[in-house]
Number of protein chains: 2
Amino acid sequence: MLRVSKLTDYGTVVLARMAREPERTFSAAALAEAVALPVSTVRKLLKVLTRHGLLNSCRGQQGGYQLARPPQRISLADIIEALEGPLGLTECSFQHGLCQLEARCHIRSQWQDVNQVIYGALARVSLVELLAKPSNKSIALLNT
Amino acid sequence: MLRVSKLTDYGTVVLARMAREPERTFSAAALAEAVALPVSTVRKLLKVLTRHGLLNSCRGQQGGYQLARPPQRISLADIIEALEGPLGLTECSFQHGLCQLEARCHIRSQWQDVNQVIYGALARVSLVELLAKPSNKSIALLNT
DNA sequence: TTTATATAGTACTAATATAGTACCGTTTGA
DNA sequence: TCAAACGGTACTATATTAGTACTATATAAA
């Protein structure tokens, strides 16, 4: 239903939590505790986010994870791309040649436009906006 | 990967084809032929679109399907909602009480804003835009 | 140098959703 | 009356997602 995966959903929750203390280093266990999610799940999540450059990690005692960039420079688009791969509403908008209709299809380029617009909207929401308590603020921002 | 289902994808192709002859009544077989998709699949698709008011149907010999509204009044948002249910990027944005984190979650309302923005973008693309050959036209439109 | 802590990588199972198809019933025009 | 065409539903196979566990490696502190 045009839904992000649960892992992505969790990702935004976890990253938003981290954004409240952007300098702090969190262990997976501490984060799981803070957002009330299973440790295994949070661990998986953090690994992926690290691999995609949104987090820095440090092993060993006193190790943990830290935001790789200031919160205002980590967007929903970044998070979704890290956890779900490149955004593409249709198969054909993601990669050429997968769709057998491609030759006869007249609407491929239009889907690509739509993708770009949605990407733009998601890119304009950073962890800072995500964290902002009151609503309607981000909306205003997004519609510029 | 933030992707619409194949059925939705097919739906846009089929409806775009119908929009090229907005007054014409198409049988499922004729449409399937026109867009090179299996008849069974197209049949399923048309039934759902009819149930959701995007098409009018007529049974019997000489029966078939017809756009229920002028093409400029049928949007991607309509199509996606018909085939995938109400748009909601996260579970919680769709319905209250599903997510156990809700009480402790600070970003629910932000997701709702994001949904609205994406809905708006999809609502602004009608079958007419979808059909328009050259690209970058819809983009300009969408960013207003 | 040893040990406890913490991440990295991977693999696996279960549950869910999607894709695709078929069948039977009903309506309607010729 | 018959054939064309939609309506509803059910079913199977496949793919994806969700959740979890296990082993290896790195690091800081004792």
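We name chains A, B, ... by the order of the sequence lines, and we start the count at 1 in each one.
A straight line from NZ of Lys47(A) to C1' of dT20(D) spans 10 Å, rounded to a whole angstrom. Whole-Å rounding puts the Leu83(B) CG to dA17(C) P distance at 17 Å. In this structure, Arg3(B) atom CZ and dT16(D) atom P are separated by 9 Å, rounded to whole Å. One interatomic measurement links the two molecules: CZ of Arg59(A) to C1' of dT23(D), which rounds to 12 Å at whole-angstrom precision. In this structure, Arg43(A) places its CZ atom 15 Å from C1' of dA11(C), rounding to the nearest Å. Rounded to whole Å, the distance from CD1 on Ile80(B) to P on dT18(C) is 13 Å. Atom P of nucleotide dA19(C) and atom OH of Tyr10(B) are separated by 7 Å, given to the nearest angstrom. When rounded to the nearest whole Å, the span between NZ of Lys44(A) and C1' of dA21(D) equals 11 Å.
Each of Thr8(B) and Gly64(A) has a nearest nucleotide on DNA chain C; the 5'-most of these lies closest to Gly64(A). Judged by closest nucleotide on DNA chain D, Cys58(B) is the one of Val4(A) and Cys58(B) placed further toward the 5' end. Position along DNA chain C of the nearest nucleotide to Gln61(A) versus Leu46(A) favours Gln61(A) as the more 5'-ward residue.
Within the 4.0 angstrom heavy-atom criterion, only backbone atoms of the sugar-phosphate kind lie near Lys6(A); the bases stay farther away. Leu7(A) comes within 4.0 angstrom of the backbone, heavy atoms only, and of no base. Using a 4.0 Å heavy-atom distance criterion, Ala29(A) is classed as making no nucleic acid contact. At a threshold of 4.0 angstrom between heavy atoms, the contacts of Arg51(B) are confined to the sugar-phosphate backbone, with no base atom among them.
Side-chain contact between Tyr10(B) and Val35(B) is absent, with no heavy-atom pair separated by less than 4.5 Å.
Between dG7(D) and Ser57(B), a contact under 4.0 Å exists linking OP1 or OP2 to a side-chain N or O. Applying the 4.0 Å criterion to OP1 and OP2 of dC6(D), one finds that Thr50(B) has every side-chain N and O outside that range. Side-chain N/O atoms of Thr41(B) include none lying less than 4.0 angstrom from OP1 or OP2 on dA19(C). For the pair Ser5(B) and dA17(C), the criterion of a side-chain N or O lying under 4.0 Å from OP1 or OP2 is not met.
Using a distance-only test at 3.5 Å, with no hydrogens or angles considered, no donor-acceptor pair links the side chain of Asn56(B) to the main chain of Gln66(B). A donor-acceptor pair under 3.5 Å is absent between the side-chain atoms of Glu84(B) and the main chain of Val4(B), judged by distance alone. Panel note: side chain Arg3(B), backbone Gly88(A); a donor-acceptor pair is recorded below 3.5 Å.
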Criterion side-chain contact (heavy atoms from CB on, under 4.5 Å) on Leu87(A) and Leu122(A), from CA distance to verdict
CA-CA 10 Å; Leu87(A) 192 145; Leu122(A) 294 172; 3.6 Å; yes
